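Per chain, numbering begins at 1; letters A, B, ... match sequence-line order. Quick caveat, the model's predicted, so the values are computed rather than measured.
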2 protein chains.
Amino acid sequence: MKTRDRIVLEARALFNEQGYGNVTTAMLAAHLGIAEGNLWYHFKTRQALLEAIAEQFASRIDARLDMVPDALDPIGSYARMLGRLMAELSDFRFIYRDQASYGEHVEPVAGKAPGWLGRTFDQLERYFDTLADAGLLDWPRERLRDLAINTTIILRYGLEHYREMGEPTGAGSGAVRRTLHRHLTLFEHRLAPEAAIRLHEAIEAIGARALAA
Amino acid sequence: MKTRDRIVLEARALFNEQGYGNVTTAMLAAHLGIAEGNLWYHFKTRQALLEAIAEQFASRIDARLDMVPDALDPIGSYARMLGRLMAELSDFRFIYRDQASYGEHVEPVAGKAPGWLGRTFDQLERYFDTLADAGLLDWPRERLRDLAINTTIILRYGLEHYREMGEPTGAGSGAVRRTLHRHLTLFEHRLAPEAAIRLHEAIEAIGARALAA
DNA sequence: AAACAATTAGGGTCCGTACCCTAGAACGGC
DNA sequence: GCCGTTCTAGGGTACGGACCCTAATTGTTT
């Protein structure tokens, strides 16, 4: 892998683990086993590095927001979208979490969060709608929006919540799995039994994948 | 008010607004209109100041956790507890949010979060239980725990969520009110109509109080 | 072999920020 | 009117961290 890419990758991991403000360029270079000067060769400033990460983040989000429910496989398509969403949230946790450390002036992110969140509500609502159409989710349509919003919040903050609960959250802890199970408690009781079972299985698969990473 | 208390108060406000790591002792002194040296007179280190704030935080939490539902006034007592909980969350937001900035070694807080959260689940569950006993909440008992946990998460992260949504969150924005309304969407449809109305009224009152502060 | 890109080691600058020190002034209770 | 507490102004230290520069080495391409 190109050194530039290794830098972006390792920086992302370190920022997630230790917090953006706690990772010095010296530490980063040491972790990579390269000279610090080499960092400045690839990125003029620390902020430029951050922006490179943020760019990946933005395109991951946009890709996920393009996913649509499949009426022929509502459960499977929902699970796939969930997997992407959680990957996105755990791979780029620090971007939201440490925003105070770097301010609002990071190009690929600045001011975009409200739009992203709003579109995530819409997206989840569409998936739930499809589940309802298929008779797999028994939920009054006029309350689907609230369900979508509450689901978004739980998924979004699940990792932080489990960290506060004292459970390790590093890449590959069970926090992703737990978060997904938690979100299910919002509507599981209204799911058709076979749908609930399939979702649980899918969650285990996603959780296992997260553990491996 | 004693200068020492003014310092603690203003520091708390600034930390909440700007983030712990972004507030320098110089800024703090300037905001207070006192000499920086005076800060060191009252607090030997920045961390000591933080600990004084954290102590207040801890005792506020403990006081709130001691509140119990009143079987004679389930709605009113629930609303009172909600008010305290939200005040606690908004007055001391930065303590959770900026934990990465100051590490885990702050006496009055270190390692206590899991216990606090767990006891908050218990507390909310008891309130819901009381509502159910009074016939005001129609919810299967075995799912009350999940409701309590999900409610806790929404209340806990509501302010962060509305900040990410781009709405001002400074003391006295509508974020507290919005968060409370959001949490209601979790179970409002199962509340007795008059209970729902009274809770909405109570939320407006709490929200208004938050606005005034 | 020549040209260019990538990388190293190690020096050095600059700046922000917590924190120290001191001499003196204002305040407040007794 | 005295004494201890509180507070000011301002200079001063120490340290960490981003970022610069350079001369020399290795790696890669053509």
Side-chain angles (χ1 to χ4, degrees), chain A residues 1-55 94-95 97-109, chain B residues 1-55 94-95 97-109:
Chain A
M1 197 187 328
K2 293 238 180 225
T3 299
R4 197 194 137 96
D5 297 328
R6 287 184 54 228
I7 294 176
V8 173
L9 207 64
E10 182 72 25
R12 206 188 65 190
L14 281 179
F15 291 160
N16 279 329
E17 281 163 32
Q18 325 227 14
Y20 181 75
N22 299 323
V23 176
T24 72
T25 50
M27 286 173 54
L28 177 53
H31 269 261
L32 284 159
I34 69 178
E36 198 180 342
N38 202 5
L39 282 186
W40 309 120
Y41 178 79
H42 289 285
F43 299 94
K44 283 182 72 92
T45 67
R46 189 171 124 107
Q47 167 122 346
L49 170 55
L50 174 59
E51 269 158 20
I53 300 176
E55 227 160 274
F94 84 96
I95 289 194
R97 187 191 57 198
D98 302 340
Q99 210 208 359
S101 313
Y102 57 75
E104 357 247 287
H105 308 298
V106 176
E107 262 315 315
V109 176
Chain B
M1 198 186 330
K2 294 236 178 224
T3 300
R4 198 194 135 95
D5 297 328
R6 287 184 54 228
I7 295 175
V8 172
L9 207 64
E10 182 71 24
R12 205 188 65 189
L14 282 179
F15 291 159
N16 279 329
E17 280 164 32
Q18 325 227 13
Y20 180 76
N22 298 323
V23 176
T24 70
T25 50
M27 286 173 54
L28 177 53
H31 269 261
L32 284 160
I34 68 178
E36 199 180 342
N38 201 6
L39 281 186
W40 308 121
Y41 177 78
H42 289 284
F43 299 94
K44 283 182 72 91
T45 68
R46 191 170 122 109
Q47 167 122 347
L49 170 56
L50 174 60
E51 269 158 20
I53 299 175
E55 227 160 274
F94 84 95
I95 289 194
R97 187 191 58 199
D98 303 340
Q99 210 208 0
S101 312
Y102 57 75
E104 358 248 286
H105 308 298
V106 177
E107 261 314 316
V109 176

- prompt: For the pair made of CG in Asn38(B) and P in dA9(D), what is the distance, rounded to whole Å?
  reply: 10 Å
query: So how far is it from Leu14(A) CG to Ile7(A) CD1, rounded to the nearest 0.5 Å?
result: 12.0 Å
query: So how far is it from Leu50(A) CG to Glu55(A) CD, rounded to the nearest 0.5 Å?
result: 11.0 Å
field: Closest listed nucleotide, where the reference is the side chain of Ala35(B) and the choices are dT8(D), dT7(C), dT8(C)
entry: dT8(D)
- prompt: Between Asn22(B) (side chain) and Gln18(B) (backbone), is there a donor-acceptor pair under 3.5 Å?
  reply: yes
task: Using atom CD of Gln18(B) as one end and atom P of dT17(C) as the other, report the distance to the nearest whole Å.
output: 12 Å
- request: Measure the distance from NZ on Lys2(B) to P on dC27(C) and round it to the nearest whole Å.
  value: 16 Å
message: Without decimals, in angstroms, what is the distance between Leu39(B) CG and dA9(D) C1'?
response: 14 Å
task: Applying side chain to side chain contact (heavy atoms under 4.5 Å, CB included), run through His31(A) and Val23(A) and close with a yes or a no.
output: CA-CA 11 Å; His31(A) 269 261; Val23(A) 176; over 6 Å; no
message: So for the helix from dA1(C)-dT30(D) to dC30(C)-dG1(D), with five pairs setting each end axis, what is the inter-axis angle to 10°?
response: 30°
message: Please check: side-chain N/O of Tyr20(B) versus main-chain N/O of Ala100(B), any donor-acceptor pairing under 3.5 Å?
response: no
message: How would you summarise protein contacts on nucleotides 15-23 of chain D per nucleotide, using B for base, S for sugar-phosphate only and - for none, with heavy-atom distances below 4.0 Å?
response: --SSBS---
- request: Measure from CZ on Arg6(B) to C1' on dT6(D) and round the result to the nearest Å.
  value: 13 Å
- prompt: Who pairs with Thr25(A) by side chain to side chain donor-acceptor pair (under 3.5 Å), at least two apart in sequence or on another chain?
  reply: Glu36(A)
Check nucleotides 3-5 of chain C for protein N or O atoms closer than 3.5 Å to its own N or O atoms and list the pairs.
none

message: Keeping Arg6(A) on the side-chain end and Leu32(A) on the backbone end, is there a donor-acceptor pair under 3.5 Å?
response: yes
message: For the backbone of Ala54(B) and the side chain of Glu107(B), can you confirm whether one donor and one acceptor N or O come within less than 3.5 Å of each other?
response: no
- prompt: Taking atom OG1 of Thr24(A) and atom CZ of Arg46(A), what is their separation to the nearest 0.5 Å?
  reply: 8.0 Å
query: Looking for any heavy atom pair under 4.0 Å, which part of the strands does Gly33(A) touch: base, sugar-phosphate only, or nothing?
result: sugar-phosphate
field: Verdict with reasoning, Ile95(B) to Tyr102(B), per side chain to side chain contact (heavy atoms under 4.5 Å, CB included)
entry: CA-CA 9 Å; Ile95(B) 289 194; Tyr102(B) 57 75; 3.5 Å; yes
B/S/- contact track for nucleotides 25-30 of chain D, protein heavy atom under 4.0 Å: ------
message: Rounded to whole Å, how long is the line connecting atom CG of Leu28(A) with atom C1' of dT7(C)?
response: 15 Å
message: For Asn16(B), give me all partners under side-chain contact (heavy atoms from CB on, under 4.5 Å), at least two apart in sequence or on another chain.
response: Arg12(B), Arg93(B), Phe94(B)
